[in-house]
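Reviewing the structure listed below.
Chain identifiers are assigned alphabetically (A, B, ...) following the order of the sequence lines, protein sequences preceding nucleic acid strands; residue numbering begins at 1 within each chain. What you see is a predicted model, and the numbers here were worked out from it, not measured in a lab.
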Number of protein chains: 2
Amino acid sequence: MKAPRDVPNALLESLKSLGLTKYEALVYIGLLRTAGATATEVHEISGVPRASVYPVLDRLVQKELVSVSHTTPKRFDAVPPDQGVENLMRRIESDAQSARTALDALYREKGPGGRGDQELVWTIYGEENIRTRLAGMFRSAERSVEVLATWDLLRESMLELLDPVPDSVSVDIVTERWEGEQPSRFRLHVLPLAVLQEIRFPADKLLPYERSGVFLVDDARALLWMEGADGQPSALYSESAGLVLFVRRHITTVTEWARAGVQ
Amino acid sequence: MKAPRDVPNALLESLKSLGLTKYEALVYIGLLRTAGATATEVHEISGVPRASVYPVLDRLVQKELVSVSHTTPKRFDAVPPDQGVENLMRRIESDAQSARTALDALYREKGPGGRGDQELVWTIYGEENIRTRLAGMFRSAERSVEVLATWDLLRESMLELLDPVPDSVSVDIVTERWEGEQPSRFRLHVLPLAVLQEIRFPADKLLPYERSGVFLVDDARALLWMEGADGQPSALYSESAGLVLFVRRHITTVTEWARAGVQ
DNA sequence: ACCTTGTTGTTACTGTAGCAACAACATTTA
DNA sequence: TAAATGTTGTTGCTACAGTAACAACAAGGT
């Protein structure tokens, strides 16, 4: 009779998000460590009240995580972890798939119309979301793409997104340094930009170096990539004249300053 | 102001298993159909109480499913469905991954020992689980593998599992027909087996044709593949002398009958 | 200016469902 | 009989579902 050794809380949370309850997780974990246990043994190992063990085991069998013996008393055994997790994931994947198609049908009903994008400033959370928004901007560029960003950000997230930009579109990139081959496709400006480097404010406090950047397409759509101290990226996107003008000025001014050696 | 058209219940369930609540699902669906809606509009579209809309939207932003504008009043927009679903799946996948490794660590602690597999009859649910058990049996075969199964089952699930059987092990396969090339690796017995074909019982009722089969390894470990009328496969596995002997007799008898033309 | 009207965003409260936890009891096995 | 098994019912708890009310603010009319 092993002790109901306590289980890392993170593991319980993970299993919960796979659709298990606390008890189901505890019982499954307990069974992994003891093959062929009776219900009472499961209770002792997992710390789950004995009366609750029976319905929990039923559910776990239903979810294909444990198998049952035909003895009396019944004995239970856990499916190996990698396969058990896969059994759970299979259901979720299938739900995800059907949700995707059903949602997509609803989504296509409405055209891209609506005042959605005009004259509003949107905040976008999550790197993935920002990247797809940027990809959409670049793909639909008609005249110009202007980029002012830290090298870290460019290298990690940007360069591949710039591939789909049509050839007829001019691409200007401003950054503080460049490693590796310089692509001829873009007009590249490597400038020692103070705004892109470490900053002290107030004078005695060093602000952490962040990945950041601004992006302007066709002088009409702008995106600001920000990154909080926690490393969570977020962005502002807008087609409003106000923000576009601000970004326009920002890029121009910073470039001019750097060129003039103001630093 | 569109009607809060009711949403297919299956979709709500799918989204719930991806970690959303009912309200979160309704609001997200509503936003997919109306770009840049205010909180009140979201309330009208989704049918979610207006007061509940605010915390729900907060959570959706947190989960990277919607973006927010910086106007007053705030306006909200949904991330496109395929990407939204992927944002949800990313979290789940990562949970699954960490769960897998953590569980595996626990799992390896206990050796394969224990009375787990001896003298007990186990029921295994789910085709995947049965297949992995069979794979394990075949892989560890030392002398003989005997298979008596319907052709449907053999073709769909079995043949690839037999690949890892060591060369020194004799493999006997009994089935009611064979399509395609006959492998020389196995001793093959194609016999018109009544047990594997349609059966009437009682005389006027036709039992549905099922995929079924019995498997015997080294005369020591047996697995019975059953399939209920609902098509859900399940299996019995045992190393007990009783069941092994039963399967031993079953295979022998059936083969003898068929050979003698008893039909 | 003032009052009205309607909307926004927030807070508090009630109801409900599913799970967690406990107690008691009938049934079987030794 | 004693011990363990399997079942039922009750209670508490928590997160979500749903309702009501309110302060803050803007627009419009007199």
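The pair A:Glu44-A:Arg50 does not count as a salt bridge, with every side-chain nitrogen at least 4.0 angstrom from each carboxylate oxygen. Between B:Glu24 and B:Lys16 no salt bridge is recorded (no basic side-chain N to carboxylate O distance below 4.0 Å).
In this structure, NE2 of A:His70 is placed 18 Å from P of D:dT5, rounded to the nearest angstrom. Note: NE2 (B:His43) to C1' (D:dA20) measures 13 Å, nearest angstrom.
The side chain to side chain contact (heavy atoms under 4.5 Å, CB included) test with A:Leu236 is passed by exactly one of A:Val121, A:Ile130, A:Ile124: A:Val121. A side chain to side chain contact (heavy atoms under 4.5 Å, CB included) with B:Tyr237 holds for exactly one of B:Leu224, B:Leu223, B:Leu243; it is B:Leu223.
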Protein-to-nucleotide contact annotation, 5' to 3' order, nucleotides 5-23 of chain C [B base; S sugar-phosphate only; - none; under 4.0 Å, heavy atom]: ---BBBB-------SSBBB
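More than 12 non-hydrogen atoms from other residues, nucleotides or ligands lie less than 6.0 angstrom from OH of B:Tyr54.
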